[in-house]
Amino acid sequence: MTTPFVHLHLHTEYSIVDSTVRIPALMQQCAEFEMPAVALTDQSNLFGLIKFYRKASAFGIKPLIGVDLRIRNAEEDERPFHLVVLCQNLHGYRNLNQLVSRSYLEGQHRGVPMVEPDWLDNDSTAGLIALSAGIHGDIGRALTAGQADLAEERLLHWQSIFGDRFYVEVTRMGRPGEEAVLQGAIKLAARLSVPVVASNDVRFIAADDYPVHEARVCIQQGRTLADPGRPKIYSEQQYLKSSDEMVALFEDIPEALENTLEIARRCSLDLRLGETFLPEFPVPEGQSTDEFLASESQQGLEAFLRRKMLQDGVPADGFNAMAAPYRSRLETELSVICGMGFPGYFLIVADFIRWAKDQQIPVGPGRGSGAGSLVAYVLGITDLDPLEYDLLFERFLNSERVSMPDFDIDFCMEGRDRVIEYVADRYGREQVSQIITYGTMAAKAVIRDVGRVLGHPYGLVDRIAKLVPFEVGITLDKALEDEEELASLVRDDEEVAGIMDLAQALEGLVRNAGKHAGGVVIAPTKLTDFTSLYCEDGGVNSVTQLDKDDVEAAGLVKFDFLGLKTLTIIDWAVRTIHADNPESKLDIATIPLDDGKTFALLQAWQTRAVFQLESPGMRDLVKRLQPDQFDDLVALVALFRPGPLQSGMVDDFVARKHDVNKADIDYLHPDLKHVLEPTYGVILYQEQVMQIAQVLAGYTLGGADLLRRAMGKKNAEEMAKQREIFLEGSISRGVAERTATRIFDLMEKFAGYGFNKSHSAAYALISYQTAYLKAHYPAAYMAAAMSADLDHTDRLVMVKDDCRKIGLNMLSPDVNQSGYHFTTADDKTILYGLGAITAQSRPLLKSGRTRANFRISMSSAGGLIASGSTSARWKR
């Protein structure tokens, strides 16, 4: 029987600097080796924690969680010592999170996170087991230098901190001086009664992965493999050796093998994955969160109903009839929200949106499925009445599909960071953070990286890389399959084949850390109770070390604070309109959604600079569809996607809209006319799939959402089950089996193309607002649109050309009249913005002084002079 062994010192690809170990492959190999446990000890981080923990558990392998820490070396900053620490329990995990976070936030030296020695004491290391890190630890370094007394002093120091939780780590990987250090370490450990433990300091899985590993190290270091001066600090032996190999290697030190099992037994970190830990929202004394949400929602609803009554001209005796469906819907939603434990989430989102609006920071209408919630609407989170537009709450949240609510909130680009600052101040900076993302070695880039480290000429490498199709998510395997010229080159040229083989081995490995575009987490306690934090050297804003999926698995709630340039454009345009005409009553939130002038502009397909509607393909679709109502815009956003365009759905939709005799439209069944009439009988939205199941087969909307999800994922087993339920329900309600079967088949076909109507409607609202501004205030709107693209000359040329087509005049830049941005001279004239002239002139102009003389030097005014903007009198 194989003697068990556990690898306790192992770097995965998430170390970024020096490993090619992918977690799924690691667990597969450990399972084949029948290893009972394995440790994650990435370099200075816990990036891969959740993925490692989940995958190990799925394979029946005990996950041991730790970090290979760098400890600052006071004598040589460039050569920190290493210390491997493993979590015994949750307390140790939280201590490790704090140490790792502190190394990034306070301890970086030239981009390298380090732990200061005095941060390590009995309290900060409680719940942690430590390994001396072999030849890279401070004890190993002292023994390497022949300083036995210093090695003993250091070992005693670690003993005083960790007690019986400190182990002397020994390795045998064929590195120079390693055996002498091992013998010295064993003698020292025996004299001081400290246990020893064997490791293989793993960096790759199989022995023949060593060349790939070295290439990865060179890519990270910016060196070539042939560079005679590059440090070679890794050994060919640092692969995932089997238990038998490790036993053979350390047969003379059996206790070093046994202690790997002892440490594995001592570590029992139980992470509560899948639970949700919402932050507390402060509510008035004497009220629960549920009660406060209900009170705020009911007040918001009644205020809305009073406005609606006046707007729609509803007589007093008709008020209750109008209000009844809204009150019923609100009660249903509150029951679900409170029953699932999410009232705090709604209150938090409503709070920071309300603050943003109070600060005059433009906020989007709330895209995504959250636009289907009436509670969200009356709290001011979203801007569309979900009942008026037939948006379903169950698409967003329902008790039959337990998942976190998720509002995607767009903010003006200029104000987004201020909202995040508000949240950090309100809930505590230790509890609020943005979220990390990981960049990977993508197809084109990895070819260039490999070509460089192999020392091949740039021309050859560039030629290979350019043969990879420019497609989102393209892989090298797919490129070889799709591009015959690339495949032929690989077959016929050994050098190219070598580049491609190495590139394929490295493709997809984690390459760098970044920041999620909009994700923010708010924790109920300090973040390090849940995750370590990461920060770039010199940075001030921390991010979680867990990505968006893992941070939610760890129980933290993600809020999306997205920046949308279009909101900035709308805001600038409205401000210009009010400045040019102080009597203007324009409120972009209350413009009529049936404005004839706006639809005339759309029907003339003058959609340059109109949100979502300006690409050539979309403009062609607008021209064909000739939208004349808001619902058509909602449909446009949903239709202009590859699936509908390729399926014939778009052609059907356009033809049916323009069909003079709409009585001929097939609504599949008389009971479905009200569901499919807005889309001319075409199943366009996911919500329609849900409504069909409800109306025809008696599904609850929650159950219909499960059907919608099963159809979208094309789960054959689940679909067979759902087909039976649908047919049985339909037949019991008097629908012919043949008709029910046909409808189910159509639903299944179109569910893959179906779009979330709530998202489409929210984006259509922004599209309409921009079209309205362009139709009614073209100069102000187009000036704002161009001001948002000062750095994009090609874009400015296109928009300027469109200005000419719609009858606007463009005045040349003038240092005595122009501002930094494009401005309006009158309602038909735009004055060119000086900020668009040259990058060199922008620092002179961005001080905020506009339409005024300013003092500049001749040497720095080249762009202004070349533009002709200085032809008028100016100061020198």
Side-chain angles (χ1 to χ4, degrees), residues 12-14 16-26 28-29 203-228 230 232 234 236 239 437-512 514 615-617 640-648 714 752-753 794:
T12 73
E13 61 175 308
Y14 286 93
I16 294 181
V17 292
D18 66 352
S19 174
T20 60
V21 174
R22 302 176 201 251
I23 290 171
L26 167 67
Q28 182 69 48
Q29 189 64 74
R203 296 294 186 277
F204 41 97
I205 292 179
D208 56 8
D209 289 338
Y210 178 69
V212 178
H213 167 267
E214 287 296 277
R216 163 149 209 177
V217 171
C218 285
I219 289 170
Q220 200 65 31
Q221 293 175 342
R223 296 176 178 270
T224 64
L225 284 165
D227 181 357
R230 77 176 178 92
K232 296 182 181 179
Y234 302 99
E236 295 181 9
Y239 64 93
T437 57
Y438 303 112
T440 59
M441 295 189 183
K444 283 178 176 284
V446 76
I447 287 174
R448 296 185 186 280
D449 284 333
V450 166
R452 180 179 55 76
V453 300
L454 290 176
H456 289 296
Y458 173 80
L460 171 64
V461 178
D462 185 58
R463 179 186 169 200
I464 301 169
K466 285 180 176 176
L467 289 174
V468 176
F470 191 75
E471 295 175 19
V472 176
I474 189 72
T475 64
L476 293 177
D477 283 346
K478 191 170 189 304
L480 286 168
E481 188 178 305
D482 294 349
E483 290 294 321
E484 177 53 35
E485 186 179 350
L486 178 62
S488 176
L489 200 59
V490 170
R491 284 193 303 269
D492 299 341
D493 189 317
E494 287 187 8
E495 279 192 342
V496 175
I499 292 171
M500 190 61 72
D501 285 346
L502 187 51
Q504 286 177 296
L506 291 167
E507 183 183 16
L509 287 174
V510 175
R511 176 173 190 150
N512 61 278
S615 70
F640 193 69
R641 295 175 298 118
L645 289 168
Q646 293 164 13
S647 69
K714 302 189 184 303
Y753 306 136
D794 291 346

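Along the sequence shown, the residues carry numbers beginning at 1.
Every pair passing ring pair (Phe, Tyr, Trp, His ring centres under 6.0 Å) that includes a residue from residues 203-227 is listed here, sequence neighbours excluded: Phe204-Tyr210, Phe204-His213, His213-Tyr234.
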Hey, can you pull the donor-acceptor pairs under 3.5 Å for the side chains in residues 220-227, sequence neighbours left out?
{"unit_1": "Arg223", "atom_1": "NH1", "unit_2": "Asp227", "atom_2": "OD2", "d": "3.1"}
{"unit_1": "Thr224", "atom_1": "OG1", "unit_2": "Asp227", "atom_2": "N", "d": "3.3"}
{"unit_1": "Asp227", "atom_1": "OD1", "unit_2": "Gly229", "atom_2": "N", "d": "2.8"}

Under 3.5 Å donor-acceptor pairs involving side-chain atoms of residues 440-447, not counting sequence neighbours:
{"unit_1": "Lys444", "atom_1": "NZ", "unit_2": "Ala465", "atom_2": "O", "d": "3.0"}
{"unit_1": "Lys444", "atom_1": "NZ", "unit_2": "Val468", "atom_2": "O", "d": "2.8"}

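Under the side-chain contact (heavy atoms from CB on, under 4.5 Å) criterion, Leu467 pairs with Glu485, Leu486, Leu489, sequence neighbours left out. Tyr753 is linked by a side chain to side chain donor-acceptor pair (under 3.5 Å) to nothing, counting only residues two or more places apart in sequence or in another chain. Residues passing the side chain to side chain donor-acceptor pair (under 3.5 Å) test with Ser19: none are found, sequence neighbours excluded. Glu507 pairs by the side chain to side chain donor-acceptor pair (under 3.5 Å) definition with nothing, not counting sequence neighbours. Residues passing the salt bridge (Lys or Arg N to Asp or Glu O under 4.0 Å) test with Arg452: none are found, sequence neighbours excluded. Among residues two or more places apart in sequence or in another chain, the side chain to side chain donor-acceptor pair (under 3.5 Å) test is passed with Asp208 by none. Contacts of Asp482 classified as salt bridge (Lys or Arg N to Asp or Glu O under 4.0 Å), with partners at least two apart in sequence or in another chain: Lys478. For Glu494, the salt bridge (Lys or Arg N to Asp or Glu O under 4.0 Å) test picks out no residue, with sequence neighbours left out. Applying the salt bridge (Lys or Arg N to Asp or Glu O under 4.0 Å) rule to Arg22 yields no partners; only residues at least two apart in sequence or on another chain are considered.
For the pair Arg448 and Asp462, the minimum side-chain heavy-atom distance is below 4.5 Å.
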Legend entry - Pair Glu484-Arg491, salt bridge (charged side-chain N to carboxylate O under 4.0 Å, His left out): steps then yes or no: CA-CA 10 Å; Glu484 177 53 35; Arg491 284 193 303 269; 2.6 Å; yes
Inset, instruction - Please report the C-alpha distance between Val496 and Leu460 in whole Å, then the side-chain angles of each, then the deciding distance to 0.1 Å, and finally whether the side chain to side chain contact (heavy atoms under 4.5 Å, CB included) criterion is met. - result: CA-CA 8 Å; Val496 175; Leu460 171 64; 4.0 Å; yes
Inset, instruction - Carefully, step by step, assess Val453 and Glu214 under the rule side chain to side chain contact (heavy atoms under 4.5 Å, CB included). - result: CA-CA 10 Å; Val453 300; Glu214 287 296 277; over 6 Å; no
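Atom CD1 of residue Ile219 and atom CZ of residue Arg511 lie 6.5 Å apart, to the nearest 0.5 angstrom. Atom CZ in Arg203 sits 10.5 Å away from atom OG1 in Thr12 (nearest 0.5 Å). Note: Ile499 CD1 to Leu476 CG = 12.0 Å, rounded to the nearest 0.5 Å.
Atom CZ of Arg463 has 12 or fewer neighbouring heavy atoms from other residues, nucleotides or ligands inside a 6.0 Å radius.
Contact record, Val17 with Arg216: N-NH2, 4.5 Å, taken as the closest heavy-atom pair. Across all their heavy atoms, Glu13 and Leu509 have their closest contact at OE1-CA, 3.3 Å. In terms of heavy atoms, Ile16 sits closest to Val510 at CG1-CG1, 3.9 Å. Ile205 and Leu26 get closest at one heavy-atom pair: CD1-N, 3.5 Å. Across every non-hydrogen atom of Ala487 and Leu480, the tightest pair is CB-O, 3.5 Å.
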